[in-house]
There are 2 protein chains.
Amino acid sequence: MTGVIASGVRRGSTAVAKSSAPSRERIVAGAADLISRRGLNATSIRELAKHAKAPLGSTYHYFPEGKGQLATEAVRYAGGAVARILRRELDAGPVAGLRAFLSLWRGIVIESDFRAGCPVLAVSVEEPPAGEMPPALTAAAEAFEDWEQLLAEALRKHGVDGDQARGLAALIVASVEGAIAMCRAKRSMQPLDRVARQLETLIAGVLDG
Amino acid sequence: MTGVIASGVRRGSTAVAKSSAPSRERIVAGAADLISRRGLNATSIRELAKHAKAPLGSTYHYFPEGKGQLATEAVRYAGGAVARILRRELDAGPVAGLRAFLSLWRGIVIESDFRAGCPVLAVSVEEPPAGEMPPALTAAAEAFEDWEQLLAEALRKHGVDGDQARGLAALIVASVEGAIAMCRAKRSMQPLDRVARQLETLIAGVLDG
DNA sequence: CACTGGCTATAACGCCCGTCATAGTCTAGC
DNA sequence: GCTAGACTATGACGGGCGTTATAGCCAGTG
């Protein structure tokens, strides 16, 4: 299996894209997966193409602006996929959403045998060119922001004060992202499990406090 | 300025190393800084040497096993530097230690204008070669483990139950690491500030709860 | 049938990579 | 002064990088 996020290649398109190109989406999804493993700068376009079983020429056909464009779309793709899941599961309340968020990442780390993580984080930890703000990095910031807003809104809907809700949402996203990386280094799920436990009791306490 | 961690190049050596080589330490410290910006695979030995104003040949003189050895020492160097600060400040209690931990990373992110982060995290998010466990990744896991243990022990010393202490320590390290990355993506200190607030009230509550 | 336009195949461009080998320089101790 | 050994300088090695150019294939339309 090539990654939980990447396996969600379905119809539905991201923006205007009226037609076609099943391989285009395959490339984007594969890029998200590969970037989540290797990091952005360490992943070559040739690897990306091979991973998606697409010819190198096709990547420049679909993404004429090159690697940056592909990376940006990959980050948006992963960010959107996670946001969709989060939005759906948060309907059953903040704790249910939190659990879905946690088990989503848990699945990615375990199924990849500690080799894959979060592509959004991977893009976030690479230095941008002096004084610039590459689109992929902006997309990463937007993904984090989306997740936080979804979580915060769910908390607010369940009676948590606005400021506190934003704070808790940031804590959730940050600690889960950090824990994923720690799990990969330690080759153990303990960090994410411990963080999950702490977050669950914290949220539960805030909700009926 | 070249990074808070890297600027701590002082006498004192890490292990046996009885003598010499000021430039050896400069290379290691510079490597920690550069890796924290660019990531491991994306940082070349030539850049590392130039960054430390050392000739390329010297890197292979001091680190005959090549890039992996240098990366490993850089991770250990950074991990040890943070652990030393943590150990010192935790003497004044868990909240004081937490504050020091937070403001240490805060300084690194701000002084680098959101370009540097945590070298330990940077190494953790790169895929190891199939079935292997590179020494640098092991060093990253050890650094995380050290920080967690220091925090957990301080909490225990102040009356927190053992399991809870380990959980809180994991939450602290994970959320701070994640928040650093989010700050870089957003080019804003808000994530780390929010996480700091949440962690402080959480710890304070646990301590006199 | 010819033709157009989306996709692929292949090769090349200059550049940088990790690593190694070799020869040179400098300094300490005899 | 001379030799040994720590460090530096330089250049090469094969290979992968991002990107571009060019030509070929192969539907679907007229």
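All values below were derived from every heavy atom in this structure, side-chain atoms included, with hydrogens, water molecules and symmetry-related copies excluded. Convention: sequence-line order gives letters A, B, ...; per-chain numbering from 1.
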message = Please confirm whether the shortest side-chain N or O distance from B:Ser58 to OP1 or OP2 of D:dC7 is below 4.0 Å.
response = no
query = Rounded to the Å, how far apart are A:Leu48 CG and D:dG16 P?
reply = 17 Å
query = Between B:Arg184 and B:Glu177, does at least one N-O distance fall below 4.0 Å, as a salt bridge requires?
reply = no
inquiry  = Strictly below 4.0 Å: does A:Ser44 bring a side-chain N or O up to OP1 or OP2 of D:dG16?
reply    = no
inquiry  = Measure CD1/B:Ile45 against C1'/D:dG16 and give the value in whole Å, please.
reply    = 16 Å
request  = Quick one: sort the A:Trp147 and A:Phe101 rings into parallel, tilted or perpendicular, breaks at 30° and 60°.
outcome  = perpendicular
query = CD of B:Glu47 versus C1' of C:dG18: gap in Å, rounded?
reply = 13 Å
ask   = Between D:dT8, C:dT19, D:dG18, which nucleotide has the shortest distance from any of its atoms to the side chain of B:Tyr62?
value = D:dT8
ask   = Rounding to a whole Å, what distance do you find between B:Leu56:CG and D:dT10:P?
value = 12 Å
request  = Provide, to the nearest angstrom, the distance between the CG atom belonging to B:Leu70 and the C1' atom belonging to C:dC17.
outcome  = 15 Å
request  = Take atom CZ of B:Arg24 and atom P of D:dT8, then tell me their distance rounded to the nearest Å.
outcome  = 13 Å
task = Look at the side chain of A:Arg46 against the base of D:dG16 and say whether a donor-acceptor pair falls under 3.5 Å; ignore hydrogens and angles.
result = no
query = Roughly how many Å is it from NE2 in A:His61 to P in D:dA21, rounded to a whole number?
reply = 16 Å
query = Which residue lies toward the 5' end of DNA chain D, A:Thr43 or A:Gly57, if each is placed at its nearest nucleotide?
reply = A:Thr43
query = Is B:Arg37 salt-bridged to B:Asp33, going by a charged N under 4.0 Å from an acidic O?
reply = yes
Out of C:dG18, D:dT8, C:dA9, whichever nucleotide has its closest atom nearest the side chain of B:Lys67 = C:dG18
request  = For A:Gly97 and A:Leu86, work out which heavy atoms get closest and say how close.
outcome  = O-CD1, 3.8 Å
inquiry  = If I take atom CD in residue B:Gln69 and atom C1' in nucleotide C:dT19, what distance separates them, rounded to the nearest angstrom?
reply    = 14 Å
query = Going by heavy atoms in the side chains, are A:Arg156 and A:Arg166 under 4.5 Å from each other?
reply = yes
